[in-house]
Amino acid sequence: MGAVQLILGLIAVAVSLVAWSMFVRTILRMVKVVQLGQPDPTRNGPFVPRMKTLITEFAAHTRMNKFRHVGWAHWLVMWGFLIGSAALFEAYGEVFVPTWGWPVLDHWNLWHLLMELLGVATIIGGVALVIIRQRNHPRRADRQSRFQGSNFWQAYFVEAVVIFEGIGILGVRAGKAALGAHELPTWAAFVSNPLGEILPASPNLVSALAFIKLMGAMVWVYVVAKYMTMGVAWHRFSAFFNIYFKREADGGVALGALKPMMSDGKPLDFEEADPEKDVFGAGKVEDFTWKGWLDFTTCTECGRCQSQCPAWNTGKPLSPKLVITQLRDHAYAKAPYLLAGGKKDMMGEEIGLTGDNPHAGIDVLALAEAERPLIGGVDELGVIDPEVLWSCTTCGACVEQCPVDIEHVDHIVDMRRYQVLIESNFPSELGGMFKNLENKGNPWGQNAKDRLAWTEELDFEVPVFEGELSDDTEYLFWVGCAGAFEDRAKKTTRAVAELLHTADVKYVVLGSEETCTGDPARRAGNEFLFQMLAQQNVEVINTVFEGREAGKRKVVVTCAHCFNTLANEYPQLGGKYEVVHHTQLLNKLVRERRLVPVAKVAEDVTYHDPCYLGRHNKVYEAPRELVGASGAKLREMPRHEERSMCCGAGGARMWMEERIGKRINLDRVDEALGTAPSKIATGCPFCRVMLTDGVTARQADGAAGEHVEVVDVAQLLLAAVKRGQTEPADTPTDEVGTGTPLPDEDKSPTAGN
C-alpha cells in the first residue's frame with residue numbers, strides 16, 4: 001500500500017462516513033414521517049402472495065414493461081444498481097489495494113462476466129433513459145409530454161450518476177486488466193481487456209479510478225440524503241415496500257372496489273362516528289394512511305399516469321402525477337410540525353402544541369405549511385385545487401399504468417369524501433344528484449313506479465319478483481337507473497330482455513323495488529348516501545335470494561357501474577352474489593348455441609371499452625366476441641382494452657358540466673371516428689350516452705356522417721339473431737357543451753416514454 005492508496009483511501013472513508021451517516025439518518029426520519037399516516041391493518045398479509053407479487057413485479061418488470069420501449073432500459077439500470085452495488089463496495093478495497101477483489105467471487109470467470117455485463121448494461125440503459133426523456137421533453141410536446149411538471153434536474157442527476165457508475169465499473173476493471181491483476185478470458189472481460197491494453201499498468205491509476213467511482217456514488221448518496229422528496233431516487237428503495245403493501249394481496253391493482261372509509265385503522269361506522277374524533281376521508285394530509293404517505297414518497301415522476309389521464313389529455317388541470325407530488329411536497333414540508341405533536345381541531349384551532357412557547361424549535365416553514373388547507377384555490381394557498389379534485393373520472397388509467405403501484409383513485413376519493421361529508425363543498429350540479437338519490441332512489445329524480453316503463457314496447461311479459469323466487473329462475477336481472485329511465489339505455493335493456501327471452505333464460509326484475517346502487521354517490525365522495533342506498537339494496541336482494549346457496553345467487557347487469565358496485569363493493573356490506581355483465585352472459589349463450597345469429601351485421605364496428613367493465617374488472621374478450629358473433633367487422637381504436645380512453649362519465653362526472661378544455665367524450669368520439677366505423681359499440685349506458693352526444697356534435701359540424709350510430713353490443717347481437725331487425729337511431733337528450741379543442745395527441749399504445 002503506497003502513499004497514494006493511503007491518502008485516497010482515508011479520504012474515501014471519511015467522505016463515505018459523512019454521506020452514509022446522513023443517508024441512514026434520512027431513512028430513519030423518512031420512516032418516522034411515513035408513520036405519521038393513519039394506521040391500515042389491511043396491508044399486513046398474507047406474506048406469501050404479497051412476496052410473490054413483489055418478486056414478480058420487480059424481477060420481471062411486469063408493470064414497467066407496459067411501456068415496452070422503456071421497460072428494457074429501466075430493467076438494465078435496476079439490475080445495474082442492485083447487483084452493481086457489489087462493484088461499488090468492492091471499490092473501498094481497490095482504493096487501498098488495487099488488486100483486491102471479493103473473496104471466492106473474484107476467482108470465478110462468470111462473476112467477472114456478470115460485472116462486465118452490468119457495466120455495459122448500466123451505461124446503455126442510462127443513456128437510453130436520457131434519450132427517451134429528451135425525445136419526450138415538454139418543450140417539444142407540451143401537455144402531450146408525460147414529463148411536464150416533473151423535476152428535470154433530479155432526473156438528469158440520477159441518470160448521470162447511473163452512467164458515471166457504469167463507466168466507473170468498466171474503468172476500474174480496465175485498470176486492473178492493465179495491471180495484470182487477473183488473467184481473464186476475453187469472453188469474461190470483453191470490454192475491460194481491450195481497454196486495459198491501452199492503459200498504463202499503474203496501481204495508482206486503479207486506486208484513482210476506484211476513488212473517482214466511489215466519490216461519484218457518495219455525491220449521489222449525499223444529495224439523495226438531502227432531498228427526502230426526490231422520488232426519482234428514493235423509489236429505488238421505497239418501491240419494494242410500496243409494491244409489497246399494495247391494496248390487493250393477490251397482485252391486483254387498486255381498481256374495482258373503492259377502499260372503505262377508515263378511521264384509526266377500522267371501518268368507519270356512521271351510526272357511531274364522531275367528526276371531532278374520527279377521520280372522515282382526507283381533510284388534512286395526516287388523514288391519509290401510512291400507505292398513502294408511502295405512495296407519495298415512492299412517486300418517480302415518470303408521468304405514465306399523466307399520459308393516460310383523460311382529464312389531462314383534454315386540457316383539464318388534473319394530472320395524477322402532480323396530485324401525488326403536491327401531496328408529497330406538502331406532507332414532508334408539514335412533517336416537522338406533526339412530528340412535534342402539532343394538531344388542529346375541525347375549526348382550525350391548535351390543540352396539539354401547548355405551553356408558553358408552543359412553536360419553539362419548529363421550522364417556520366413547517367408552521368406555514370400547517371396553515372395551508374388541503375383543498376383550496378390559489379387565493380387560499382390550497383395544496384390541491386378544487387378544479388383538480390373534481391376533474392377526475394375515476395377511470396383508473398393512472399392506477400393501471402403506475403409502475404410502483406400508487407393508488408391515485410383511492411386518494412382522490414378520500415379527499416372528495418371530506419369535502420362532501422364535512423365541508424359540504426362540492427360542485428353545485430352534484431347537489432341535485434344527491435337530492436334525487438336520497439328522495440327518489442335514482443340520479444334523474446324519476447318516480448320508482450316508472451321503473452318498468454321500458455317493458456311496454458315488448459311483445460312478451462317481463463317477469464317481476466313478487467315475493468318468492470321460483471326454483472327455475474336463474475338470474476335476477478338488475479336493470480339499473482339508466483336502463484330503466486334513460487331513453488337510449490332503455491334500448492339496451494329491451495335488447496337484453498329479448499335475447500334472454502329468446503334463449504329461454506329464466507329471470508326476474510325488481511321493478512319499483514330496485515334503487516340506485518350508489519355508485520355515483522360513492523365516487524363523488526358521499527359515502528353516507530352510498531351506504532344508505534347499498535344497505536337498502538342488499539336487504540332487498542338478500543330477500544330475493546333467501547334460502548338459496550351462494551353459488552346460485554346470480555345477478556346479471558347491463559351497466560358497468562352497477563356491475564362493479566354489486567360485484568366488488570356490496571360484499572363489504574354483506575351482499576355476496578355471482579354478478580355477470582350482460583355481455584358475458586350473452587356470449588355464454590352464443591357459445592352454448594342458445595342464441596344463434598342467423599344474419600350477419602355487415603358493418604364496420606369499433607368497440608369502446610367502458611372503464612368500469614374493462615380496466616376495473618378486466619372484461620375485454622366477451623364484448624368483442626359478441627361483435628364478431630354478430631358478423632360485424634371489428635376495428636380497434638388506438639387506445640383500447642387496458643389503455644382505453646374514458647368517455648368522461650365516471651366519478652359522477654356524468655352529472656357535472658365540463659367547462660375547461662375539450663370535452664372528454666368528443667376526444668373519444670374523434671378517436672372512434674378515426675377508424676371509419678358505421679357503428680360505435682359499447683357495453684355501458686353511461687358510455688352510450690356520452691358517445692352518442694359526441695357523435696351528434698360531430699355530425700352537426702360535419703365531422704361525422706349521419707349513418708354513424710352508437711349502440712350496445714346486445715343490440716348488434718339482437719339484430720343478427722332477429723335477421724337484421726333494427727331500432728331507430730339514438731337521439732341526444734343532453735345539451736352538448738363547447739370546449740377549447742386541443743391539438744391531436746399521439747394516441748398510439750406506446751406513446752410517451
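- Separating the SG atom in Cys299 from the NE2 atom in His408 is a distance of 6.5 Å, to the nearest 0.5 Å.
- Aromatic rings from His640 and Tyr620 are positioned such that their centres are separated by 6.0 Å or more.
- Glu94 contributes no side-chain N or O that, together with a main-chain N or O of Val172, makes up a donor-acceptor pair within less than 3.5 Å.
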Exercise for the section: Show your working on side-chain hydrogen bond (donor to acceptor under 3.5 Å, both in side chains) between Arg139 and Gln134 and close with a plain yes or no. Expected result: CA-CA 9 Å; Arg139 65 171 172 266; Gln134 273 296 305; 2.4 Å; yes
Handout entry: Derivation of the side-chain hydrogen bond (donor to acceptor under 3.5 Å, both in side chains) call for Tyr337 and Glu286
Key = CA-CA 11 Å; Tyr337 163 79; Glu286 57 266 33; over 6 Å; no
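- Side chains of Leu339 and Lys32 form a contact here, defined as non-hydrogen atoms less than 4.5 Å apart.
- To the nearest 0.5 angstrom, Asn109 atom CG is 12.5 Å from Leu114 atom CG.
- A salt bridge does not link Lys259 with Asp40: none of the charged nitrogens is closer than 4.0 Å to a carboxylate oxygen.
- For the pair Asn44 (side chain) and Pro41 (backbone), a donor-acceptor distance under 3.5 Å is present.
- For Thr122 (side chain) and Gly166 (main-chain N/O), no donor-acceptor pair under 3.5 Å exists by modelled atom type.
- Of the possible polar contacts, none joining the Arg143 side chain to the Asn313 backbone as a donor-acceptor pair under 3.5 Å is found.
- Ion pairing of Lys618 with Glu400 is present here, as a side-chain N (NZ or NE/NH1/NH2) and a carboxylate O approach within less than 4.0 Å.
- Taking the ring centroids of Phe288 and His411, they lie under the 6.0 Å cut-off.
- Applying the salt bridge (charged side-chain N to carboxylate O under 4.0 Å, His left out) rule to Asp385 yields no partners; only residues at least two apart in sequence or on another chain are considered.
- Judged as a salt bridge (charged side-chain N to carboxylate O under 4.0 Å, His left out), the pairs with a partner in residues 147-164 (not counting sequence neighbours) are, in order, Arg133-Glu159.
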Practice task
For side chain to side chain contact (heavy atoms under 4.5 Å, CB included), just list the numbers for Phe58 and Trp79, CA-CA rounded to whole Å, side-chain angles, deciding distance to a tenth of an Å, and then say yes or no.
Solution key: CA-CA 10 Å; Phe58 97 82; Trp79 285 111; 3.8 Å; yes
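- We find that Glu116 and Arg173 are joined by a salt bridge, their nearest charged nitrogen and carboxylate oxygen being less than 4.0 Å apart.
- Cation-pi contact between Arg50 and Phe245: absent, since separation from the ring centre below 6.0 Å together with deviation from the ring axis within 45° is not met.
- Side-chain atoms of Gln5 and Asn204 include a donor-acceptor pair closer than 3.5 Å.
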Handout entry: side chain to side chain contact (heavy atoms under 4.5 Å, CB included) between Ile83 and Met115, intermediate numbers included
Key = CA-CA 8 Å; Ile83 303 178; Met115 289 295 103; 3.8 Å; yes
Practice task
Apply side-chain hydrogen bond (donor to acceptor under 3.5 Å, both in side chains) to Gln144 and Asn136, showing your working.
Solution key: CA-CA 8 Å; Gln144 297 176 44; Asn136 292 272; over 6 Å; no
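- Between the CG atom of Asn65 and the CZ atom of Arg63 there is a distance of 11.5 Å, given to the nearest 0.5 Å.
- By the salt bridge (charged side-chain N to carboxylate O under 4.0 Å, His left out) test, Arg372 is found to be paired with Glu369, residues two or more places apart in sequence or in another chain being considered.
- Between Glu57 and Lys52 there is no salt bridge, since none of the side-chain N atoms of the basic residue sits less than 4.0 Å from a carboxylate O of the acidic one.
- When the options Tyr156, Phe152, Phe147 are evaluated for a ring pair (Phe, Tyr, Trp, His ring centres under 6.0 Å) with His137, the one that passes is Phe152.
- For residues 4-48, every residue pair satisfying the ring-ring contact (aromatic ring centres under 6.0 Å, His included) rule, not counting sequence neighbours, is listed here: Trp20-Phe23, Trp20-Phe89, Phe23-Trp234, Phe23-Phe237.
- The ring-ring contact (aromatic ring centres under 6.0 Å, His included) test applied to His112 returns His182, not counting sequence neighbours.
- Taken from CG in Asp295 to CD in Glu407, the straight-line distance is 5.0 Å, to the nearest 0.5 Å.
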Exercise for the section: Please step through side-chain hydrogen bond (donor to acceptor under 3.5 Å, both in side chains) for the pair Lys291 and Thr289, ending with a clear verdict. Expected result: CA-CA 5 Å; Lys291 175 56 170 64; Thr289 68; over 6 Å; no
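- Interatomic distance, Ile324 CD1 to Cys398 SG, rounded to the nearest 0.5 Å: 8.0 Å.
- Note: His74 and His235 have tilted aromatic rings, judged against thresholds of 30 and 60 degrees for the angle between ring planes.
- A salt bridge does not link Arg615 with Glu641: every distance from a Lys NZ or Arg NE/NH1/NH2 to an Asp or Glu carboxylate oxygen is 4.0 Å or more.
- With a 6.0 Å radius and a threshold of 12 heavy atoms from other residues, nucleotides or ligands, Trp187 has its CH2 atom above the threshold.
- In this structure, Tyr227 and Trp153 have perpendicular ring planes: the angle between them is above 60°, well past the 30° mark.
- The side-chain heavy atoms of Trp312 and Ser307, taken from C-beta on, include no pair separated by under 4.5 Å.
- Remark: Phe241 CZ is loosely packed, at most 12 non-hydrogen atoms of other residues, nucleotides or ligands lying under 6.0 Å away.
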Practice task
Evaluate side chain to side chain contact (heavy atoms under 4.5 Å, CB included) for Thr298 paired with Asp405, printing each intermediate quantity in order.
Solution key: CA-CA 9 Å; Thr298 307; Asp405 287 304; over 6 Å; no
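- Heavy-atom neighbours of Trp111 CH2 from other residues, nucleotides or ligands within 6.0 Å: above the threshold of 12.
- Between the CD atom of Gln35 and the CG atom of Leu294 there is a distance of 11.0 Å, given to the nearest 0.5 Å.
- Every residue two or more places apart in sequence or in another chain was checked for a side chain to side chain contact (heavy atoms under 4.5 Å, CB included) with His107, and none qualifies.
- Residues Met22 and Tyr222 are in side-chain contact: their nearest non-hydrogen atoms beyond the backbone lie under 4.5 Å apart.
- Between Ile123 and Ile167, the closest side-chain pair of non-hydrogen atoms falls below 4.5 Å.
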Practice task
Show your reasoning for whether side chain to side chain contact (heavy atoms under 4.5 Å, CB included) applies to Thr325 and Phe296.
Solution key: CA-CA 6 Å; Thr325 56; Phe296 309 155; over 6 Å; no
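- Between Ser150 and Lys321, the side chains place a donor N or O and an acceptor N or O closer than 3.5 Å (distance only, hydrogens not considered).
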